[in-house]
Amino acid sequence: MKATRAFILFLSLLCTIALRAEVLVLQSGAEVQGTIVFQNDEVVIIKTPSGARYQYPTSEIKTIRSERKNTADTNTPSDEQTAFGQPETGLTRKKVSVAIEVAGGAAALSRNKDVYGNMATDLLVGSHNLLNRSIFLGGCVGYLGALYTTTKTIPTPTVPIVKKTVAANSFLPIALATRIPLLQQKHAPMIGMQVGYGFALSKEYQGGLYAGLNIGYCCQLSDLQRLYLAADCRFQQAFFATTEHIADTEGTIHNYTHHAGQCFILYGVRLGIYL
């Protein structure tokens with residue numbers, strides 16, 4: 001008699017355990033019921049009552065809850081749910097992202113049509129999942145250098161000497177930057193914008209407005225890392241002050257200071273990695 005009661009108690013315990021299930025609530029709103037057999041910071045493996053096992057990155061999971069539910073109501077996931085997912089906030093994803101971007105290409109001055117070289121590097125810090133749409137919004141600080149050739153004519157008693165030297169206009173841009181994916185997928189086209197002020201790194205000139213636009217493709221390497229390759233175009237103002245010495249009829253020298261501005265149009269390729 002005692003053995004029979006113990007056996008019935010054991011069966012009741014098994015039924016209670018079998019009826020208790022864990023439910024994965026996905027970012028898409030779908031729910032998957034079963035028993036979690038493995039879980040870490042990157043992936044969750046759940047076994048459904050039918051015996052099938054499904055693997056989900058934590059970036060696709062909104063929350064996990066435990067409940068008792070009839071196995072007949074089990075929501076079996078589809079192939080699309082297991083193979084694809086929106087790169088939105090998961091259980092372990094960070095709220096703040098850091099990105100490093102480098103760019104290079106050509107630079108053109110507004111006063112002439114000559115083309116010169118340029119290089120740039122940026123450090124971006126901000127939110128990587130604004131509005132739950134994988135939108136990056138944050139601050140940007142970096143370096144921008146435009147290399148160009150200056151021509152100076154030195155008069156001589158015979159033939160003037162034309163001297164060409166390479167000069168660099170270097171700036172420290174501080175800007176507000178955003179990167180917006182056009183599709184909510186792991187690999188998607190992306191558009192980026194930034195606007196701010198570029199501080200001159202030389203006393204010979206002053207900085208001005210800094211703005212940039214880039215369009216490219218973003219590839220998600222993992223839940224927290226993305227690679228960004230884009231065509232890049234940037235605009236940087238610079239202001240110069242030149243002093244002119246003019247002698248009047250009496251031989252007195254007068255100094256006149258002229259302020260002039262010019263614009264650098266920089267275009268090339270931008271490569272970035274988000275950590």
Side-chain angles (χ1 to χ4, degrees), residues 27 42-43 57-60 80 83-90 92-109 115-148 168-198 209-236 263-275:
Q27 296 285 356
E42 296 183 355
V43 68
T58 54
S59 60
E60 296 183 18
E80 290 77 13
F84 301 96
Q86 297 180 356
E88 300 180 358
T89 304
T92 61
R93 298 195 70 178
K94 298 181 296 183
K95 294 182 179 180
V96 177
S97 179
V98 177
I100 300 175
E101 296 184 354
V102 294
L109 296 179
V115 178
Y116 313 103
N118 82 83
M119 63 166 294
T121 179
D122 294 304
L123 175 66
L124 297 88
V125 180
S127 173
H128 71 283
N129 195 33
L130 190 66
L131 302 177
N132 286 331
R133 303 294 294 176
S134 299
I135 298 175
F136 175 88
L137 178 64
C140 170
V141 60
Y143 168 81
L144 173 64
L147 301 176
Y148 65 99
N169 284 68
S170 302
F171 301 89
L172 177 69
I174 299 178
L176 180 67
T178 182
R179 301 290 184 265
I180 305 173
L182 302 182
L183 298 174
Q184 290 300 302
Q185 297 179 355
K186 292 184 177 180
H187 314 301
M190 180 177 286
I191 183 171
M193 294 173 286
Q194 54 217 56
V195 60
Y197 187 89
L209 176 66
Y210 169 79
L213 175 67
N214 46 80
I215 301 176
Y217 195 79
C218 182
C219 177
Q220 186 170 349
L221 304 178
S222 66
D223 289 343
L224 302 177
Q225 296 179 343
R226 291 184 294 174
L227 188 66
Y228 181 44
L229 179 63
D232 185 52
C233 181
R234 279 159 294 134
F235 170 88
Q236 175 65 61
C263 301
F264 291 91
I265 306 297
L266 310 109
Y267 47 92
V269 178
R270 178 174 290 265
L271 176 66
I273 183 168
Y274 291 74
L275 305 175

Just verifying a value: how many Å separate [X] [atom1] and [Y] [atom2], rounded to the nearest 0.5 Å?
X: Glu60; Y: Gln27; atom1: CD; atom2: CD; value: 9.0 Å
X: Asn214; Y: Cys233; atom1: CG; atom2: SG; value: 9.5 Å
X: Tyr274; Y: Leu227; atom1: OH; atom2: CG; value: 10.0 Å
X: Phe136; Y: Leu130; atom1: CZ; atom2: CG; value: 10.5 Å
X: Cys219; Y: Ile273; atom1: SG; atom2: CD1; value: 10.5 Å

>> Before you tell me yes or no, could you show the steps for Val141 and Val125 under side chain to side chain contact (heavy atoms under 4.5 Å, CB included), namely the whole-Å CA-CA distance, both residues' side-chain angles and the distance that decides it to 0.1 Å?
In response: CA-CA 9 Å; Val141 60; Val125 180; over 6 Å; no
>> Applying side chain to side chain contact (heavy atoms under 4.5 Å, CB included) to Ile265 and Phe235, what does each step give before you reach the verdict?
In response: CA-CA 5 Å; Ile265 306 297; Phe235 170 88; 3.5 Å; yes
> So do Ser134 and Pro181 actually touch side chain to side chain, heavy atoms under 4.5 Å?
Replying inline: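 Yes, close enough: below the 4.5 Å cut-off.
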Exercise: identify the closest heavy-atom pair between [X] and [Y]:
X: Ala177; Y: Leu124; result: CB-CD2, 3.6 Å
X: Gly272; Y: Glu101; result: CA-CG, 3.6 Å
X: Ala106; Y: Asn118; result: O-ND2, 2.6 Å

>> side chain to side chain contact (heavy atoms under 4.5 Å, CB included) for Arg179 and Gln194? Distances and angles first, verdict last.
In response: CA-CA 9 Å; Arg179 301 290 184 265; Gln194 54 217 56; 2.8 Å; yes
Can you name the side-chain hydrogen bond (donor to acceptor under 3.5 Å, both in side chains) partners of [X], sequence neighbours left out?
X: Gln236; value: none
X: Asp122; value: Arg270
X: Tyr143; value: Ser170

>> Once salt bridge (charged side-chain N to carboxylate O under 4.0 Å, His left out) is applied, what residue pairs with a partner in residues 209-218 remain, sequence neighbours excluded?
In response: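 Salt bridge (charged side-chain N to carboxylate O under 4.0 Å, His left out) check on residues 209-218 returns no pairs.
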Can you list the residues that meet the side-chain contact (heavy atoms from CB on, under 4.5 Å) rule with [X], with sequence neighbours excluded?
X: Val269; result: Leu229
X: Ala120; result: Ala103, Leu144, Arg234
X: Ile191; result: Ile180, Leu182, Leu213, Ile215

>> I'd like to check the ring pair (Phe, Tyr, Trp, His ring centres under 6.0 Å) partners of Tyr210; sequence neighbours left out, ordered by chain and number.
In response: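 Tyr210 satisfies ring pair (Phe, Tyr, Trp, His ring centres under 6.0 Å) with no other residue.
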